[in-house]
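Side chains included, hydrogens not; waters and symmetry mates left out as well; all remaining heavy atoms used. Throughout, protein chains are lettered first and strands after them, A, B, ... in sequence-line order, and every chain is numbered starting at 1.
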Amino acid sequence: MYQHPTMDPQTQERLSTIRHSFSHLLAAAVQQMRPEAKLGIGPAIDDGFYYDFLVDQPFSLADLKEIEKRMRKLAGRKLAFSQSSMGMAEAKALLAGQGEALKVELVEDLASQGETEVSFYQLGDFSDLCKGPHVAGTQELPLKAFKLDRVAGAYWRGDEKRPMLSRIYGLAFLTPEDLAAHIEQREEAERRDHRKLGKEMDLFVISPDVGKGLPMFTDKGTTIRRALERFIVDEELKRGYLHVQTPILGRKHLYEISGHWEHYQDSMYPPINVDGEDYVLRPMTCPHHFMLYAARPRSYRELPVRYAEISPMYRKERSGELTGLIRVMGFHLADAHIFCKPEDVKPVFREVVDLIGFVMETLGLAERCWYRLSLRDDHKEKYIDAPESWARAEKDMREICEELKLDAQVEPGHAAFYGPKLDVQMATVGGREETLFTNQIDIALAQRFHLEYIAEDGSRRMPWVVHRSSIGCLERTIAFLVEHYAGALPLWMMPVQVKVLPITDEQAPYAAQVKAQLEALGLRVELDDRKETLNRKVREAKMQKIPYLCVVGSREALEGTVTATNRDTDRKSTLPLDQFAAAVLKEHAARSRVLAAAGAA
RNA sequence: GCCGGUGUAGCUCAGGGGUAGAGCAGCUGAUUCGUAAUCAGCAGGUCGCGGGUUCGAAUCCCAUCGCCGGCUCCA
């Protein structure tokens, strides 16, 4: 989301105060228009503020104009924000008298946390339970730097079992310029959106007839995927992973053993009954890999066993949750399960962190990602019931983060049902946070599947299992890459790496030769021999973000050269074809993110 | 799934009760061109789908589907 590049903490705090004050102004205006509207909460957020209201009739976009007008009118009266405080019982009685049931609940919560007093802010006729701070009065609000934005439904306290409130979002900044910049940035984000670019670049298609959340990759999109798959499979093989292949269907029984059926059923498709036996589409690969492990006795000597697979999986999602390639129902995860001795879990995990670090670096996403340590929360029913193992695994996970100086954000409530996770997080261009990769210590499944190995002393022991994804879900990773690079992907994953543009028909034979020579090296090349002007061919190729354009005219044909334009620098240089080809091949093979074969900066 | 918004040609959009329009893309022809749109012509839509109101619906109403933003959920 929008962050002012040079904002010091004080200014940031001031802005947050202003935004919060705007939210009160909003609530005041709303209560003028709809006295029956009950108040939820109204905090400052990254780009402004919102306020939640309990109303019979949800607000529509058309209401915003009128509300904003009233806000401006109220602000024009130069109202002061004044604070007062009172005891819990008094506050509760006051709010109850006003019919503010949601606020009463907040007071009760504060009371149960041991608070003895609460604070109210008064703005004109409008009073609200609020700890502040606020600006002194409405004359301090930058009215030209704010704007009501949109409406949305939001469950009270984020709980879908509780009533849905009507939320009004507003944008607010310190200056009109900042507001304009934010709106401009939003438009830029729209242009970078992988859904838009994916269509323009012809990478994937989501057909309602096939099904929402079930993307299909075109040849170009498939080329990107293949580049990523080859990269990760080769890298994993180098690092001791064993690549395997397992089916996407499995007996329901298998998932009853794993606990998925009990803990994860909401995300699974209903069983397919075949001759009296129930099968389910797999939501995860772990049970299959466990059965591979369990198929024969294992010695401590062969541990750690690292089974990897780029595995298709299907998870049921509610329709409103699907987004382009980022949130889908059928996807492909670069998954692996590492079976190790319990005492080896740290080195094994360190090795996993090293791999994902390498992957992020190679993809060029490292500086945009951060770590999240995902632990349990109080909703015990979501997790396997094994408090001691949880405590141990969470402790291990924390220690690993500390040892590796990962600076992970700790977040309760995001753990897998079978163990804590170390996630790699990233933000979409739209500002929404998503998980790119995830790694887990599994405290439960080895036991449920009775996995074991023979230890040095001949005893049978239970291995620990680490689940991890190295390059994540291919669909999602591609979406992030497209957004991060605004479509101008690194050479090695670009569907078309070089485009040959002959100036006239006379150069057709030479252009074909250039293409053939580059292709013989394994590069992906297109020839544009249409009867179009060079200007047009260049324009179209640039819009397609082709890394290198090779213009060949009579001069190049005569000399055996190409005049290549560099996508990233927009510079060009004329050089012998052999030399250009070798340089591009080198960049391709090295998975370089810098284009320097021609027109280097 | 819930709340709000939205759906007109492949794409971007105009039109808002009297049975459809532009630009680009496409096709045909001419142009043989040195780094971001050569010119001309042609073709293209039962206005998401289904009901209803009306003499008449792309336009109003209802329902439904897709898409977008949010909530919930999540790789």
Side-chain angles (χ1 to χ4, degrees), chain A residues 50 52 55 57-64 149-169 186 190 193 195-196 199-200 202 206-209 211-212 264 266-267 283-284 313 315-329 331-335 374 382 413-414 416 421 423-425 430-438 440 467 469 471-477 479 501-508 529-543 549-556 563-565 570-572 574 599:
Chain A
Y50 68 78
D52 287 344
V55 280
Q57 183 66 38
F59 295 103
S60 80
L61 229 39
D63 296 321
L64 295 191
D149 191 28
R150 47 188 54 164
V151 296
Y155 300 108
W156 170 235
R157 313 200 100 177
D159 183 345
E160 63 180 321
K161 292 185 186 69
R162 311 207 57 181
M164 176 160 277
L165 311 181
S166 188
R167 176 175 297 178
I168 298 176
Y169 282 97
R186 244 196 214 177
E190 233 169 85
D193 191 308
R195 289 166 293 190
K196 194 173 171 68
K199 193 180 251 182
E200 283 170 17
D202 189 27
I206 298 175
S207 153
D209 292 319
K212 51 188 177 181
Y264 205 73
D266 284 351
S267 300
M284 294 184 192
M313 42 185 70
R315 295 186 189 171
K316 207 169 77 187
E317 302 286 352
R318 295 191 278 186
S319 62
E321 293 163 348
L322 301 168
T323 335
L325 289 182
I326 287 185
R327 192 73 182 282
V328 293
M329 302 210 291
F331 58 96
H332 297 75
L333 188 72
D335 207 1
S374 299
K382 276 167 35 185
H414 288 277
K421 306 196 288 187
D423 301 314
V424 174
Q425 301 294 107
R432 202 200 302 237
E433 173 181 344
E434 299 282 356
T435 300
L436 194 54
F437 314 140
T438 180
Q440 300 135 16
H467 303 233
S469 68
I471 200 166
C473 153
L474 294 173
E475 286 80 358
R476 185 175 282 188
T477 300
L501 311 179
I503 292 175
T504 74
D505 285 349
E506 262 174 62
Q507 289 89 47
D529 57 0
R530 293 173 306 162
K531 293 158 85 173
E532 292 291 349
T533 59
L534 180 65
N535 271 319
R536 182 174 203 96
K537 292 179 185 182
V538 167
R539 176 180 151 82
E540 289 178 11
K542 294 238 182 198
M543 290 198 302
L549 307 185
C550 280
V551 171
V552 294
S554 51
R555 222 163 45 226
E556 287 82 0
T563 298
T565 307
D570 209 32
R571 294 183 190 200
K572 54 192 182 210
T574 301

Between the base of B/A75 and the side chain of A/Q425, is there a donor-acceptor distance below 3.5 Å?
no
Closest to the A/V551 side chain: B/U35, B/G4, B/U31?
B/U35
Any side-chain to backbone donor/acceptor pair from A/R315 onto A/P283? Under 3.5 Å, distance only.
yes
Would one find a side-chain N or O of A/K212 under 4.0 angstrom from OP1 or OP2 of B/G66?
yes
Looking at B/U38, B/G70, B/C33, which one has an atom nearest to any side-chain atom of A/R432?
B/G70
Hey, does A/R195 reach any base, or is it just sugar-phosphate, or nothing, if we go heavy atoms under 4.0 Å?
sugar-phosphate
For A/L325 against A/A479, the heavy-atom pair lying closest together:
CB-CB, 3.9 Å
Separation between the C1' atoms of B/A63 and B/C27, rounded to whole Å
41 Å
May I ask you to say what A/F59 touches in the nucleic acid, namely base, sugar-phosphate or nothing, with a heavy-atom cut-off under 4.0 Å?
sugar-phosphate
Across the strands shown, which category fits A/Q57 at heavy-atom distances under 4.0 angstrom: base, sugar-phosphate, nothing?
nothing
For nucleotides B/G21 and B/U32, find the distance between their P atoms and express it as a whole number of Å.
37 Å
When only distance counts, do a donor and an acceptor, one from the side chain of A/R327 and one from the base of B/C73, lie under 3.5 Å apart?
yes
Would you say the side chain of A/N535 and the base of B/U35 hold a donor-acceptor pair, judged only by whether the two atoms sit under 3.5 Å apart?
no
Tell me what A/S554 touches on the nucleic acid: a base, only sugar-phosphate, or nothing, going by heavy atoms under 4.0 Å.
base
Across the strands shown, which category fits A/E200 at heavy-atom distances under 4.0 angstrom: base, sugar-phosphate, nothing?
nothing
Is it the case that A/E556 and A/T563 place a side-chain donor and acceptor less than 3.5 Å from each other?
yes
Pair A/D423-A/T435, side-chain donor/acceptor within less than 3.5 Å
no
So what does A/R167 hit on the nucleic acid, given a heavy-atom distance under 4.0 Å: a base, only sugar-phosphate, or nothing?
sugar-phosphate
Counting side-chain heavy atoms from CB outward, which of B/U35, B/U72, B/G4 is closest to A/E321?
B/U72
Could you check how far CG of A/D505 sits from P of B/G34, rounded to whole Å?
14 Å
The side chain of A/M164 lies closest to which of these nucleotides: B/G66, B/A37, B/G70?
B/G70
Paired with B/U28: which nucleotide, if any, by Watson-Crick or G-U wobble criteria at under 3.5 Å for both distances?
B/A40
With no angle test and no hydrogens, is the base of B/U38 tied to the side chain of A/T533 by a donor-acceptor pair under 3.5 Å?
no
Side chain of A/P58 only, heavy atoms from C-beta on: which candidate in B/A75, B/G4, B/A36 is closest?
B/G4
A/K421 side-chain N/O to B/A75 phosphate OP1/OP2 under 4.0 Å
yes
Phosphate oxygens OP1/OP2 of B/C3: is one of them under 4.0 Å from a side-chain N or O of A/S166?
no
Can you tell which of B/G69, B/G66, B/U35 lies closest to the side chain of A/T323?
B/G69
Does the ring of A/Y169 meet both stacking tests against the six-membered base ring of B/G70: centre distance under 5.5 Å and plane angle under 30°?
no
Looking only at side-chain atoms of A/L534, point me to the closest of B/G5, B/U35, B/C68.
B/U35
Donor-acceptor contact present, side-chain A/R327 to main-chain A/L322, <3.5 Å
no
Whom does B/C55 pair with, Watson-Crick or G-U wobble, provided both distances fall under 3.5 Å?
B/G18
Among B/C67, B/C68, B/G34, the nucleotide that comes nearest once only the side chain of A/R555 is considered:
B/G34
Given B/G66, B/G70, B/C74, identify the nucleotide with an atom nearest to the side chain of A/A152.
B/G70
Please work out if A/L333 contacts a base, only the sugar-phosphate, or nothing of the nucleic acid, heavy-atom cut-off 4.0 Å.
nothing
What are the two closest heavy atoms between A/I503 and A/G553, and how far apart are they?
CD1-CA, 3.8 Å
Have a look at A/G158 and say if it touches a base, only the backbone sugar-phosphate, or nothing, with a 4.0 Å heavy-atom cut-off.
sugar-phosphate
Between the side chains of A/E540 and A/R530, is the shortest nitrogen-to-carboxylate-oxygen separation below 4.0 Å, so that they form an ion pair?
yes
Just compare B/G5, B/G66, B/G1 and give me whichever is closest to any side-chain atom of A/Y155.
B/G1
Is it the case that the base of B/U35 and the side chain of A/R539 share a donor-acceptor contact (distance under 3.5 Å, atom types as modelled)?
no
